[in-house]
Amino acid sequence: MSSQIYRSASKAARSLLSSAKNARFFSEGRTIGAAAAVSASGKIPLYASNFVRSSGSGVASKSWITGLLALPAAAYMIQDQEVLAAEMERTFIAIKPDGVQRGLISEIVSRFERKGFKLVGIKVIVPSKDFAQKHYHDLKERPFFNGLCDFLSSGPVIAMVWEGEGVIRYGRKLIGATDPQKSEPGTIRGDLAVTVGRNIIHGSDGPETAKDEINLWFKPQELVSYTNNSEKWLYGDN
Ligand code: DAT
Ligand code: MG
């Protein structure tokens with residue numbers, strides 16, 4: 001019985017959600033902050049835990065009421081997650097064979113993670129030369145193209161997709177200039193690399209390349225959408 005109520009409650013929440021969606025009402029960044037504030041007020045956890053406890057216990061009447069009263073907030077929370085999942089930008093980042101061999105995986109991952117970006121896909125892969133040529137197709141006229149593709153396919157690469165507001169452009173800032181001699185101290189290449197041919201990391205340079213590179217390196221099912229608990233402290237308008 002209570003699980004049936006749970007189902008209708010969540011159905012109702014979803015229908016509230018879809019009417020909100022149709023109104024295109026929630027799709028502004030500002031809503032994310034508002035929804036986070038609702039979650040932070042403590043109403044949502046109460047709602048969630050009451051439903052969990054009531055399922056199958058037979059002592060659910062108080063919980064139903066609390067739960068039903070919380071429906072609009074529940075719809076809001078579902079919406080909050082979907083807005084974040086739908087609107088957040090993604091970029092493709094790869095630790096090249098030199099970065100892997102030099103033991104810099106955790107150092108590089110931690111810089112993106114500490115900034116507040118979210119890892120939504122990661123794998124270790126030795127790309128074939130053909131694959132490397134696809135990845136660097138826009139550089140095929142350059143004299144270093146062949147050597148670059150040999151190098152990228154010479155060993156394990158850590159392929160990643162990172163998500164967050166402004167992650168494409170800011171990811172490039174974290175990485176630093178292409179030539180580590182010109183990268184600022186504090187950037188990944190500035191701190192950890194010396195020459196352009198061994199600059200340890202790749203990052204998409206714009207929205208189009210990000211989309212293409214994510215599609216080249218990952219199948220859709222290899223990427224996850226989730227809400228990280230810290231997001232309510234990372235995003236919000238005042
Ligand atoms: P980035 O990796 O910063 O996006 P890019 O796309 O211009 O730079 O070039 C891809 C890679 O090719 C780069 O990371 C290292 C290599 N590369 C670029 N310019 C080079 C050069 N002048 N000599 C040797 N390798 C170079
Ligand atoms: Mg590039």
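Counting from 1, the numbers follow the sequence of the chain as shown. Each ligand, and each atom within it, is numbered from 1 in the order the structure gives.
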J.: Taking N or O atoms only and a 3.5 Å limit, does His202 qualify as a polar contact for ligand 1?
T.: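 N/O-N/O distance under 3.5 Å: no.
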J.: Provide the number and element of each atom of ligand 1 under 4.0 Å from a heavy atom of Lys96.
T.: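 Under 4.0 Å from Lys96, ligand 1 has these atoms: 13 (C), 14 (O).
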J.: Which atoms of ligand 1 sit under 4.0 Å from any heavy atom of Leu139?
T.: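 Reading through ligand 1 atom by atom, the close ones are 9 (O), 10 (C).
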J.: Which residue and atom name correspond to the protein heavy atom nearest atom 2 (O) of ligand 1, and how close is it?
T.: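 Checked against all protein heavy atoms, atom 2 (O) of ligand 1 sits closest to Arg189 NH2, 3.0 Å.
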J.: So Arg169 and Glu89, salt bridge (Lys or Arg N to Asp or Glu O under 4.0 Å) or not? Walk me through it.
T.: CA-CA 10 Å; Arg169 186 190 286 260; Glu89 186 176 300; over 6 Å; no
J.: Write out the residue and atom name of the closest protein heavy atom to atom 4 (O) of ligand 1, then the distance separating them to 0.1 Å.
T.: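 Here the closest protein heavy atom is Arg172 NH1, 2.7 Å.
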J.: So, does Leu148 sit close enough to ligand 1 that a heavy atom of it is under 4.0 Å from the ligand?
T.: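 In this structure, Leu148 qualifies as a contact of ligand 1 - some heavy atom is under 4.0 Å.
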J.: Return yes or no for this condition: an N or O of Tyr136 is under 3.5 Å from an N or O of ligand 1.
T.: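 In fact, backbone or side chain, Tyr136 has no N or O that close.
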J.: Centres of the Phe117 and Trp162 rings: under 6.0 Å?
T.: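 Not under 6.0 Å, so no.
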J.: Considering only heavy atoms from C-beta outward, does the side chain of Val120 approach that of Met160 to under 4.5 Å?
T.: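 The answer is no, as the side chains (C-beta and beyond) never meet within the 4.5 Å cut-off.
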J.: So which bit of Thr178 gets within less than 4.0 Å of ligand 1, heavy atoms only: side chain, backbone, both or neither?
T.: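 Under 4.0 Å from ligand 1, Thr178 contributes backbone and side-chain atoms.
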J.: Backbone N or O of Asn199 within a donor-acceptor pair of the Arg189 side chain at under 3.5 Å?
T.: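 Checked: pair present.
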J.: Among all protein heavy atoms, pick out the one at the shortest distance from atom 17 (N) of ligand 1; state its residue, atom name and that distance to 0.1 Å.
T.: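 The closest one turns out to be Phe144 CE1, 3.5 Å.
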J.: Could you see which bit of Arg198 sits under 4.0 Å from ligand 1, with heavy atoms only: side chain, backbone, both or neither?
T.: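 Near ligand 1, Arg198 shows nothing, with every heavy atom at 4.0 Å or more.
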J.: Assess whether atom CD of Glu107 is packed by more than 12 heavy atoms of other residues, nucleotides or ligands within 6.0 Å.
T.: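 It does: Glu107 CD has more than 12 such atoms within range.
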J.: Which part of His135 is near ligand 1, with near meaning a heavy atom under 4.0 Å away: side chain, backbone, both or neither?
T.: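 Neither part.
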J.: Is it the case that atom NZ in Lys182 sees more than 12 heavy atoms from other parts of the structure closer than 6.0 Å?
T.: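 Open.
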J.: Kindly indicate whether the side chain of Gln133, heavy atoms from C-beta on, has any atom under 4.5 Å from the side chain of Phe145.
T.: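 Side-chain contact under 4.5 Å: yes.
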J.: Using the rule given for side-chain hydrogen bond (donor to acceptor under 3.5 Å, both in side chains), can you reason through Lys140 versus Asn146, listing the C-alpha separation, both sets of side-chain angles and the distance that settles it, and then say yes or no?
T.: CA-CA 8 Å; Lys140 61 176 178 294; Asn146 191 50; over 6 Å; no
J.: Has Arg142 got any heavy atom lying under 4.0 angstrom from an atom of ligand 1?
T.: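 For ligand 1, residue contact (heavy atoms, under 4.0 Å) with Arg142 is absent.
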J.: For Val196, which part has a heavy atom under 4.0 Å from ligand 1: side chain, backbone, both, or neither?
T.: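 Both of them.
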J.: Can you pull out the closest protein heavy atom to atom 13 (C) of ligand 1? Residue, atom name and distance to 0.1 Å, please.
T.: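 So the nearest neighbour among protein heavy atoms is Asn199 ND2, 3.6 Å.
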J.: Inspect the surroundings of NZ in Lys173 and state if more than 12 heavy atoms from other residues, nucleotides or ligands are less than 6.0 Å away.
T.: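 No.
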J.: Passes side-chain hydrogen bond (donor to acceptor under 3.5 Å, both in side chains), Ser128 versus Asp130? Steps please.
T.: CA-CA 5 Å; Ser128 66; Asp130 182 57; 4.9 Å; no
J.: With a heavy-atom distance limit of 4.0 Å, tell me whether Asp179 approaches ligand 1 through its side chain, its backbone, both, or neither.
T.: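 For Asp179, there is no contact with ligand 1 at all, from either part.
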